[in-house]
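Notes follow the structure.
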Amino acid sequence: MTTHWWLWILLASALAYATKLLGYGVPARWLHHPLMARVAGALTIALLAALTAMNTFANGQQLVLDARLAALLVAAVALALRAPFLLVVVLGAAASAAARWLL
């Protein structure tokens, strides 16, 4: 059974390495095109938003509303007010702790 998992791990590693090697074959003019910069920026933001949503509103297969939502809201307000990132993290953690204490 353990050998089976190692086979999948090695296959995934080889696939990741092959993908990275293929990246070296992309022509430089494609990478410097303004459209590519916009697409890369949009993908990064979309992936981060999806990860944030999944970590905030999901618990396994269930939709949940708990202290993580308070942390996200407080952090979003702090970011909108252009607070330093460390302060955003501390305020989010404090909001989560306060919400967990109150609930």
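- Heavy atoms only, all atoms of each residue included: Phe57 and Leu69 are closest at CE2-CD1, 3.4 Å.
- Distance check: Thr52 OG1 to Ile45 CD1 gives 11.5 Å after rounding to the nearest 0.5 Å.
- Taking both residues in full, the closest heavy atoms of Val88 and Ala78 are given as CG2-CB, 3.8 Å, listed atom of the first, atom of the second, then distance.
- Considering CG of Leu72 and OG of Ser96, their distance stands at 11.0 Å, rounded to 0.5 Å.
- In this structure, Leu65 is a member of the same hydrophobic cluster as Leu63, with clusters built from ILVMFWY side-chain heavy atoms closer than 4.5 Å.
- Residues Ala95 and Ala70 approach most closely at CB-O, 3.9 Å, considering heavy atoms.
- Partners of Leu51 according to the side-chain contact (heavy atoms from CB on, under 4.5 Å) rule, which considers only residues two or more places apart in sequence or in another chain, are Asn55.
- In the hydrophobic clustering of ILVMFWY residues, with side-chain heavy atoms under 4.5 Å counting as a link, Tyr17 and Tyr24 come out together.
- Both Val74 and Leu87 are members of a single hydrophobic cluster when ILVMFWY side chains are connected at heavy-atom separations under 4.5 Å.
- Side-chain heavy atoms closer than 4.5 Å link hydrophobic residues (I, L, V, M, F, W, Y) into clusters, and following such links, possibly through other members, connects Leu43 to Leu35.
- The side-chain contact (heavy atoms from CB on, under 4.5 Å) check on Leu102 picks up nothing, with sequence neighbours excluded.
- Trp8 pairs by the side chain to side chain donor-acceptor pair (under 3.5 Å) definition with His4, not counting sequence neighbours.
- With Thr19 contributing its side chain and Leu15 its backbone, the two residues share a donor-acceptor pair below 3.5 Å.
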Self-check item: CA sep, side-chain torsions, deciding dist, call: His33, Arg38, side chain to side chain contact (heavy atoms under 4.5 Å, CB included)
Solution: CA-CA 9 Å; His33 194 276; Arg38 286 198 309 265; over 6 Å; no
Quiz item: Under the side chain to side chain contact (heavy atoms under 4.5 Å, CB included) criterion, do Val26 and Met36 qualify, and how do the steps go?
Solution: CA-CA 12 Å; Val26 175; Met36 183 58 73; over 6 Å; no
